[in-house]
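These notes concern the structure reproduced below.
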Amino acid sequence: MESKITLKCWKPTPATIWQGREDTEEGTAGYRWHQQVQCLSKPDWPTQGTVLLGFVCEEGVRRNQGRVGAAGGPEAIRKALANLPWHDEIIAHTEMVNIQDQTIQAGTHTLSKAAIWDGGDVICAEEDRLLQADLTQAQQTLADAITGIFQEGAKPMVLGGGHEVSFGSFLGLAQWALCQPQLPRIGILNVDPHFDIRKPGSNGPSSGTPFYQVAQWSEAHKWPFHYGCLGISRWSNTQALFQRADQWQIQYRFDTQLSEGQLPETLSWIDAFVAEIDWLYLTIDMDVFPAALVPGVSAPAAMGVHPWVVEHIISHLRQHYSHKLMLADVAELNPTYDRDQISAKVAARLVANLLQ
Ligand SMILES: N=CN[C@@H](CCC(=O)O)C(=O)O
Ligand SMILES: [Mn+2]
Ligand SMILES: [Mn+2]
């Protein structure tokens, strides 16, 4: 089934992005991601596996007075992913086609979990950047793509884009929740020094407002607002934001509580958060990491959380809550300010750790 997304806002990924080293002497055991990921030429979603979906958008960052460049995030993440070693079962390309065409009989293969498709990009068109409607339209297109992927039986993994990606990601999962016989409780876990609960200003929603928008949407739909933040910096949020976080009973841990030594407490905090929900949406803002390690972001953090800690969090979620972890995205990678692709490589590792 072709999903009803606005094709004006969607582009397939050129297969040429998926390039890298080839260790031919090792056979398939030497494969990397570029030898396994298959690009979809149309938004005609597969019935299994994971679909990488880019959100080519920095309009929210611009409106939030940030350094633009995050629209280049999805391409930079794909290029960094391309050369990573593949750590799952190998699927022959003909089998990928067959999986998509559903011509393989059920039970004749065990490879469906390993399939990773490149589902192209949702675009916030450059020529229309000054129009609020287009950010909203891009977020809605992303949401519809996500819902369509779930409907077909696959899972989306979203590559941002500014953190305005999160309103689209949430909406996509929420639309899928509304299709369920019993409404699941959705929780959002944001790994970020910022709450991103600013009130939209006169220029509309931005990268600083996504969870304010989620809170409003939830209130309008009489849904509870389960929102937790890991890595909040005292020095990256004003009193107004802390007051709103308290008023909305947002649960959070500070960056100063996220050292490796404090992992047991952090993982217990996560256990308590996840116990209250049925579906988890994980969003990782790349500006949570120290700028010295991850310089390629819109708003760099002076100190931040070490990537090891975030990798531990991902392993914990995968090990204990893979049945609840429905959706993840990575936001705010800005290749314009990157150095030797190191930020893109950190983002790619996070994505790879979430999937393999
Ligand atoms: N996505 C969020 N961005 C931060 C930006 C902070 C800054 O520019 O320093 C925020 O709105 O709080
Ligand atoms: Mn953010
Ligand atoms: Mn942030």
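Both counts, for ligands and for their atoms, begin at 1 and track the order of listing. Only heavy atoms go into these numbers, but all of them, side chains included; no hydrogens, no water, no symmetry mates. The first residue in the sequence is number 1, and the count goes up from there.
Note on Asp192: its N/O/S atom closest to the Mn ion (ligand 2) is OD2. The name of the N, O or S atom in Asp196 nearest to the Mn ion (ligand 2) is OD2. Residue-level check: among N/O/S atoms of His194, ND1 sits closest to the Mn ion (ligand 3).
Geometry at the Mn ion (ligand 3): OD2/Asp285 and OD1/Asp287 form an angle of 90°, nearest 10 degrees.
In this structure, Trp33 and Trp86 have perpendicular ring planes: the angle between them is above 60°, well past the 30° mark. Note on ring orientation: taking the six-membered ring where Trp is involved, the planes of Tyr321 and His316 are perpendicular (angle over 60°, cut-offs 30° and 60°). By the 30° and 60° cut-offs, the orientation of the rings of Trp223 relative to Trp217 is perpendicular.
With ligand atoms numbered from 1 in the order given, ligand 1 contributes 10 (C), 11 (O), 12 (O) to contacts under 4.0 Å with heavy atoms of Arg198. Annotation for ligand 1: atoms under 4.0 Å from non-hydrogen atoms of Gly208 are 11 (O). Using a 4.0 Å cut-off to heavy atoms of Glu332, the atoms of ligand 1 that qualify are 1 (N).
In this structure, the protein non-hydrogen atom closest to atom 6 (C) of ligand 1 is His194 NE2, 3.7 Å. Of all protein heavy atoms, the one closest to atom 3 (N) of ligand 1 is Asn64 ND2, 3.3 Å. Considering only non-hydrogen protein atoms, atom 2 (C) of ligand 1 sits nearest to Asp196 OD1, 2.9 Å. Scanning the protein for heavy atoms near atom 8 (O) of ligand 1, the closest one is Ala299 CB, 4.0 Å.
Below 3.5 Å of separation, one finds no N or O of Asp285 facing any N or O of ligand 1. Taking distance alone, with nitrogen or oxygen atoms compared against 3.5 Å, Ser207 approaches ligand 1 more closely than that limit.
Using a cut-off of 2.8 Å, one finds that His163 contributes no N/O/S atom close to the Mn ion (ligand 3).
Between Phe195 and Phe242, the ring centre distance stays below 6.0 Å.
Of the possible donor and acceptor atoms, none in the side chain of Thr209 sits under 3.5 Å from a partner among the backbone N and O of Lys199. Using modelled atom types, no side-chain atom of Arg21 and backbone atom of Asn83 make a donor-acceptor pair closer than 3.5 Å. In this structure a side-chain-to-backbone donor-acceptor pair under 3.5 Å is missing from Ser343 to Arg339. In this structure a side-chain-to-backbone donor-acceptor pair under 3.5 Å is missing from Glu332 to Val297.
Between Arg62 and Glu59 there is a salt bridge, with a side-chain nitrogen of the basic residue lying less than 4.0 Å from a carboxylate oxygen of the acidic one.
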